[in-house]
2 protein chains.
Amino acid sequence: MRITLKTIAEESGFSITTVSRALAGYDDVNEETRRHIIAIAERLGYQPNLSARQLRSQQSHTIGMVIPLTPYFSDPFFMELLSGVGRQAAEHNYDLRLSAQVPGQDELNAYHRMVAGRQVDGVVLARVHHQDPRIAYLQQAQHPFVVFGRSDAEDYPYIDVDSGSGIRLLVEHFADYGHQRIALILSPRDLMFTTLRLRGYREAFESLNLPYREGYIQEGDLSQRGGLEAAERLLQLADPPTAIIACNDLMALGAMTTIQRRGLRPGQDIAVAGFDDIPAALDAEPQLTTIHQPIYQIGRQLTDMLVNLMQGNTPDKPHILLQPELIIRASSGPKR
Amino acid sequence: MRITLKTIAEESGFSITTVSRALAGYDDVNEETRRHIIAIAERLGYQPNLSARQLRSQQSHTIGMVIPLTPYFSDPFFMELLSGVGRQAAEHNYDLRLSAQVPGQDELNAYHRMVAGRQVDGVVLARVHHQDPRIAYLQQAQHPFVVFGRSDAEDYPYIDVDSGSGIRLLVEHFADYGHQRIALILSPRDLMFTTLRLRGYREAFESLNLPYREGYIQEGDLSQRGGLEAAERLLQLADPPTAIIACNDLMALGAMTTIQRRGLRPGQDIAVAGFDDIPAALDAEPQLTTIHQPIYQIGRQLTDMLVNLMQGNTPDKPHILLQPELIIRASSGPKR
DNA sequence: ATTGACATCCGAAACGTTTTGGATTATGCT
DNA sequence: AGCATAATCCAAAACGTTTCGGATGTCAAT
């Protein structure tokens, strides 16, 4: 049989109200009564029915996330963000509600179910697109949410890494190492940060007076395979690049594989750099030069922001723009 | 203002009951009435309050998972399982509830909250330990659950890959390629599958009459770093192995890095094999020989089993033991 | 006119909490 | 004694849904 407040009330002889208040720690219940009630609750293994509590108190103590569903491809970026959010959520006694959805209409519906269905108190969003409809919806619904990444408009709480200057750092680094032909493996165009990183690449080229060349920008889908294929296209060029910057580490690792398969040495023959600094970057051979993004930490910080919002506070600092950190490792190769 | 059934009832002039039944598709409501009500619901953007529905109908349409929380380390195995479960859950119109917890008491509490708090209709469990208390709890609570992996007792629904014969296949493969000194990078001892894989290793050694040597078994923590370090210990032995089998791909990749750093060629000089067949195995250089575990598919199948259980059926086949598939790639090196 | 069958609708209870607004009793103070 | 105060308790409402058990009206058959 289910153990409810009623069970404990009958068992103890007190009313449901008193049992509830005793367990909730109100100070208008006698200490002895409270002990008695708590003892019974423990003996019976009472666990409050959380959907009843949720219905009554109008809050779920749950944070919602919709994760993009791409079969056979697990994204370390997202997993790390998820870890950070989950960790800090647990810290604040929140759980996570996940809905795995392929990007598109179903994804939006999932947000609607969560938000209007009162299943979550707040939402964490990542991988922002241009004119992101999810952001539009959440704003209109006036529901607490935080975002990893800026979008076109910036009138919502977000944390972002200054992607543009990250790429700039990498281009400058390779130029400093004597490279002229520096290629870029770009992320998909509909992602917001792609624009920012491309801008950083162009700005650096301009200020350093490097020779700009159309074929040096190849698109990948953020996967290792995508980077591998983009690098193949780069190395088939008449004057292939001597340095390759990828928009994430996974694609950079793929590029290193391509280089090896062609009998060249990553680092020595062709310099490679990534973006993110995922754990695998450190364990690759050669170790990968990259831009450090503290994704896990950002997940935690985002969660703190969100919890703050959910408690009705307006955040003192709704926008955080982190300066990226250049991590030079062996895949940069020697100076030339 | 919140849009509830009451709003629609007032707007349409019908009762709450009729509105509810119209939207739920009962056939005791006039078709015209239904159309009218649906039109109003859509115009107002009605979204049922799911915690009310949950409270009344005593089911959450949610599947629970507790994910192990290890900072700074994202596990592709778990991510892939999560993808599979999330995908198939979405297919059945279920969401996921995640609680990230460090293994231990908090983890157990999370299960208790979910199950006794009526937040989930069923639970998916992975990474089984010896005498796993989570399984004990779920059995005693009589709550639907499915498990990836066998434990000591097998009186619950699970899917597992025959780990033992997987390792046996690898040992036989390397023996066939002319190796005698075959080492094993083992997973942590408290995991159930560790026992099974170790048994497979020993059985193969016995039936092939290979020279058994204590130092050839090194433990790792399932991470790339762990495999890297275990391989270092192996290569420092007086008579280092000529072939290394790791209990998962991540550790195998780490081992390959160690081999490269020592100026040796994985495959050519020292054969390497993993277990899991994660995507990165295919993109490594050289590509990794491994045992294919269809984790994503298993996640989906587990979810099907669970949904079946949650609907009150007893599964026709509560135990599925999949035969592993040996995938031979370049890291096996040449025959000797 | 009565009956039965059918189509359509609805009131009220129930799910298990939390909270509001007292009620009751005991205590201290004048 | 009379009265305010404090300590302790509780009945009932509310959260928004689903469902049980009719109620009502219509129509054809008797």
Side-chain angles (χ1 to χ4, degrees), chain A residues 1-38 40-41 44-62 93 112-121, chain B residues 1-38 40-41 44-62 93 112-121:
Chain A
M1 198 202 74
R2 297 245 64 237
I3 310 293
T4 68
L5 287 182
K6 196 169 161 208
T7 321
I8 301 180
E10 281 161 2
E11 184 80 8
S12 68
F14 290 96
S15 73
I16 292 180
T17 304
T18 301
V19 173
S20 171
R21 297 182 75 83
L23 293 174
Y26 282 77
D27 64 355
D28 67 348
V29 14
N30 187 296
E31 269 314 315
E32 196 186 342
T33 311
R34 186 197 311 282
R35 272 196 302 276
H36 182 208
I37 287 174
I38 288 181
I40 293 180
L44 299 180
Y46 169 70
Q47 180 75 22
N49 181 319
L50 294 173
S51 44
R53 174 178 290 179
Q54 211 165 301
L55 173 60
R56 168 62 221 217
S57 64
Q58 297 286 51
Q59 47 183 334
S60 58
H61 261 271
T62 302
N93 285 316
H112 195 215
R113 254 207 332 276
M114 282 186 176
V115 170
R118 285 276 179 277
Q119 303 215 88
V120 302
D121 293 345
Chain B
M1 198 200 75
R2 298 246 66 238
I3 310 293
T4 70
L5 286 182
K6 196 169 161 209
T7 321
I8 302 180
E10 281 161 3
E11 184 80 8
S12 69
F14 291 98
S15 73
I16 292 180
T17 303
T18 300
V19 172
S20 170
R21 297 180 76 83
L23 294 174
Y26 281 77
D27 64 355
D28 66 348
V29 14
N30 186 294
E31 269 313 316
E32 197 186 343
T33 310
R34 186 197 310 283
R35 273 196 301 278
H36 182 207
I37 287 175
I38 288 181
I40 294 180
L44 300 181
Y46 170 70
Q47 181 75 25
N49 181 317
L50 294 173
S51 44
R53 173 177 292 178
Q54 211 164 301
L55 173 60
R56 167 62 219 215
S57 65
Q58 297 286 47
Q59 47 182 334
S60 58
H61 261 271
T62 302
N93 285 315
H112 195 216
R113 254 208 328 279
M114 282 185 176
V115 169
R118 285 274 179 277
Q119 302 214 88
V120 301
D121 293 346

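Residue numbers begin at 1 in each chain, while the letters A, B, ... track the order of the sequences.
For the pair A/L23 CG and C/dG16 C1', the interatomic distance rounds to 13 Å; values are reported in whole Å. In this structure, B/E32 atom CD and C/dC9 atom C1' are separated by 15 Å, rounded to whole Å. If you measure from atom CG of A/L5 to atom P of D/dA14, you get 20 Å, rounded to the nearest angstrom. The NZ atom of B/K6 sits 16 Å away from the P atom of C/dC10 (whole-angstrom rounding). Between the CG atom of A/N30 and the C1' atom of C/dT24 there is a distance of 15 Å, rounded to whole Å. Distance, A/L55 CG to C/dT18 P: 11 Å, rounded to whole Å.
In this structure, A/T33 reaches the D/dC9 phosphate: one of its side-chain N or O atoms is under 4.0 Å from OP1 or OP2. For A/S51, no side-chain nitrogen or oxygen approaches OP1 or OP2 of C/dC15 to under 4.0 Å. Taking side-chain N and O atoms only, A/Y46 has no distance below 4.0 Å to OP1 or OP2 of C/dG16. Remark: B/Q58 is in phosphate contact with C/dG16, judged by side-chain N or O atoms under 4.0 Å from OP1 or OP2. OP1 or OP2 of D/dG16 has not a single side-chain nitrogen or oxygen of B/Q54 nearer than 4.0 Å. Proximity of B/Y26 to the phosphate of D/dT19: a side-chain N or O atom is located under 4.0 Å from OP1 or OP2. One finds no side-chain N or O of B/N49 lying less than 4.0 angstrom from the OP1 or OP2 phosphate oxygen of D/dT17.
Where B/E31 and A/Q47 each meet DNA chain C at their nearest nucleotide, the meeting point lying more 5' is that of B/E31.
Less than 4.0 Å separates DNA chain D from at least one heavy atom of each of the following residues of residues 8-21 of chain B: B/I16, B/T17, B/S20, B/R21.
The environment of A/D27 atom CG is sparse: at most 12 non-hydrogen atoms of other residues, nucleotides or ligands sit within 6.0 angstrom.
Side-chain proximity of B/R53 to the nucleotides C/dG16, D/dT17, C/dT19 is greatest for D/dT17.
No N or O donor and acceptor, one from the side chain of B/R56 and one from the base of D/dT17, sit under 3.5 Å apart.
Interatomic distance, CZ of A/R2 versus CD of B/Q58, reported as 7.5 Å (0.5 Å rounding). To the nearest 0.5 Å, atom OG of residue B/S51 and atom CZ of residue A/R118 are 9.0 Å apart. Put simply, CG on A/N49 and CG on A/L5 are 9.5 Å apart, with the number rounded to the nearest 0.5 Å.
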Task: B/Q47 and B/I3: CA distance, side-chain angles, deciding distance, side chain to side chain contact (heavy atoms under 4.5 Å, CB included) verdict - done: CA-CA 7 Å; B/Q47 181 75 25; B/I3 310 293; over 6 Å; no
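Among the atoms of the strands shown, base atoms are found under 4.0 Å from some heavy atom of B/D28.
Salt bridge B/E31/B/R34: present, at least one basic N to carboxylate O contact under 4.0 Å.
Partner of B/R21 under the side-chain contact (heavy atoms from CB on, under 4.5 Å) criterion, chosen from B/D28, B/I37, B/T33, B/I16: B/D28.
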